[in-house]
Every structure is written in C-alpha cells, then in structure tokens.
Amino acid sequence: MHDKLWYLSKIRIFEALPPEDLIEIDQMAPMTHFNSIPKGTIVQSPEMNRDGLFFIKTGKLRMYKLSPDGKQFTAGILGPGNMFGEIDAFSLGTRGLYIETLEETLLCSVLKTHFESFLLKRPQLALRFLKEISAKLQETTELLEKLALGNVRDRIIFLLLKLSVQFGVTEESFKRIDFKLTHQEIANMIGATRESVTSSLNELVKQGIIRTGRSKIYVDQLKAEEDLLLEK
C-alpha cells in the first residue's frame, strides 16, 4: 500500500518539490485522510462551505452545474493528482459547483491556514499554482460553454474527446476512456436525455468515431477532432 508521501509526490503541482517539502505538507496538522467514498456520493454542493484544499489520492470526481431547469452540465472531471477547494490566496474555481464521485474515491485535505503559510515561504510554488489554476479555469469555462451549446451529438464528441485526452489508454488506433461510463451518466454530463445519447452514440459507432463495449468507450481522437472541425 502506498504511503501519504507517495500520493503527494504524484500530485502534479508538487511534482518538483524536494522530499523535505513533501514531508512538511504531510505533517501539516490536521491533514485529514478520509475513508473510501462510494461512487455516486455528493462531496460538495453550492450550499456547502468547505474550508481548505482537498487532494484526490485515488478515484475520480465530476464537477457540474445545474441549469435553471435542472439540467446538469459537467464543468470538469478530476482524477488522481487533482485538487479542489478554496483558500483565501487562491480560488480553484470550484465554489458554487456540485462535486460527485464517479467511482470509489480517496481524498485527503489540509486546512487553508496551514497551506497558505506553506506557500508564503515558497513564491515559486505559488506562481505554479497561479498558472495551474488559470489553465484549469479556462478549461472549465470552455467545457461548460461547449456542453451548453450545440446539438447532442457534438456535445458528446467534445466530452468524450476531452475524457480520452485526460484518461485515455491507447488501444490500437483508439483511446479507451479508463473508467466506466453508462449512457445515463453521459446524458447527465451534457444535460441531455438518455434516449438521445444512445441514438447519437450508435451513430458515432457506425461512423467509426467511437467503439463501445461493457460500459467502456473507445475514441478515435483524430476522427473526433476532424468531425468537430467540420461542424464549425
């Protein structure tokens, strides 16, 4: 079983930190390590006020917004090495969002006062934080815009392409999205009905843009990108 320092070293923002800095983060009091959180658990809602940062050790989380008519629109998928939460010095852009586990997930957290003190001594790490946060906010904005506009087919292609880049495993000319996705889960992610998603997925299979099997989805990234360009 991996120890806490190993997990911290795998979090992208900390990848270049020396061991002594990782040890200091690990020893921050209190560093809370949660028990395994089951799939389908809401770990944050807009009404919740979570203090501090949360680091994903294993598992995957989905961030989403609700439209006035109750449709869900995915703002991002977080996997191991990602984080969410708010501190005074930085906003990770997750306030006001729902966050739900897509599979069994392990989290750890640190209070904002301890982490802000840690960053004040390390301005270079603080700059890296700003760059990472800026990129993440841009990605979140793009995803929400794309999934709120256009037809169901284009929204599905855009979502699956993003997921194949983030969680893709190469298999021949396809990228297999490395977690199970049902038609209903895809429908929830893009604010559509399950029936319309099933119809569009069948069409994409016929066109060779994706392959499906046992809740697994395989994406031909080149064909998906070309298709989205042709739709513009």
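Nothing here was measured: the structure is a model prediction, and the numbers come from that model. Throughout, numbering of the chain's residues begins at 1 and tracks the sequence.
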List the steps, then state whether side chain to side chain contact (heavy atoms under 4.5 Å, CB included) holds for M189 with L181. CA-CA 10 Å; M189 289 182 183; L181 270 177; 3.6 Å; yes
Evaluation steps, side chain to side chain contact (heavy atoms under 4.5 Å, CB included), between L61 and L107: CA-CA 10 Å; L61 301 172; L107 299 175; 4.1 Å; yes
Give the C-alpha distance, both sets of side-chain angles, the deciding distance and a yes or no for side chain to side chain contact (heavy atoms under 4.5 Å, CB included) between V43 and F84. CA-CA 11 Å; V43 297; F84 66 94; 4.3 Å; yes
Step by step, work out the side chain to side chain contact (heavy atoms under 4.5 Å, CB included) result for V205 and R211. CA-CA 6 Å; V205 169; R211 287 189 340 214; 6.0 Å; no
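At least one side-chain heavy atom of R62 sits under 4.5 Å from a side-chain heavy atom of N188. Here the side chains of I217 and L163 are not in contact, with every heavy-atom distance at 4.5 Å or above.
Of the possible polar contacts, none joining the N202 side chain to the S199 backbone as a donor-acceptor pair under 3.5 Å is found. A donor-acceptor pair under 3.5 Å is formed between the side chain of Q166 and the backbone N or O of I77.
The minimum heavy-atom distance between S215 and T182, with the atom names listed, is OG-CG2, 4.2 Å. The two residues G96 and P46 make their nearest non-hydrogen contact at O-CG, 3.4 Å. The two residues K175 and G168 come nearest to each other via the heavy atoms CD-C, 4.1 Å. Contact between I190 and R155 at its shortest, heavy atoms only, is O-NH2, 2.6 Å. Pairing each heavy atom of Q221 with each of S164, the nearest pair is NE2-OG, 3.0 Å. Nearest heavy-atom pair across L161 and A224 is CD1-CB, 4.1 Å.
Distance CG/D220 to CD/E225: 9.5 Å, rounded to 0.5 Å. In this structure, CD1 in I186 is found 5.0 Å from CG in L160, a value given to the nearest 0.5 Å. Note that the CD1 atom of I177 and the NZ atom of K162 stand 13.0 Å from one another [nearest 0.5 Å]. Rounding to the nearest 0.5 Å places CD of Q184 at 8.5 Å from OG1 of T193. Taken to the nearest 0.5 Å, the CZ atom of F167 stands 13.0 Å off from the CZ atom of R176. Atom OG1 of residue T58 and atom CD of residue E103 lie 8.0 Å apart, to the nearest 0.5 angstrom.
Within the structure, every pair that satisfies the ring-ring contact (aromatic ring centres under 6.0 Å, His included) test and touches residues 56-83, not counting sequence neighbours, is listed here: Y64-Y98. Applying the salt bridge (Lys or Arg N to Asp or Glu O under 4.0 Å) rule to pairs touching residues 179-197 yields K39-E185, sequence neighbours excluded.
With no hydrogens or angles considered, a side-chain donor-acceptor pair links E47 and S45 at under 3.5 Å. In this structure, a donor-acceptor pair under 3.5 Å is absent between the side chains of T101 and K60.
Cluster annotation: I209 and V165 are assigned to distinct hydrophobic clusters (Ile/Leu/Val/Met/Phe/Trp/Tyr, side-chain heavy-atom contacts under 4.5 Å, transitive). Residue I42 is grouped with residue L66 when hydrophobic side chains (ILVMFWY) are merged at heavy-atom distances under 4.5 angstrom, including chains of intermediate members. Hydrophobic clustering (ILVMFWY, side-chain heavy atoms < 4.5 Å, transitive): V219 and V169 are in distinct clusters.
Hydrophobic cluster membership of Y218, counting Ile, Leu, Val, Met, Phe, Trp and Tyr whose side-chain heavy atoms lie under 4.5 Å apart directly or via other members: F174.
In summary, of the residues considered (I156, N151, V152), a side-chain contact (heavy atoms from CB on, under 4.5 Å) with S196 occurs for V152 alone. Checked against R153 for a side-chain contact (heavy atoms from CB on, under 4.5 Å), the options V197, L201, D227 give a single hit: D227.
The number of heavy atoms from other shown groups lying within 6.0 Å of NZ (K71) does not exceed 12.
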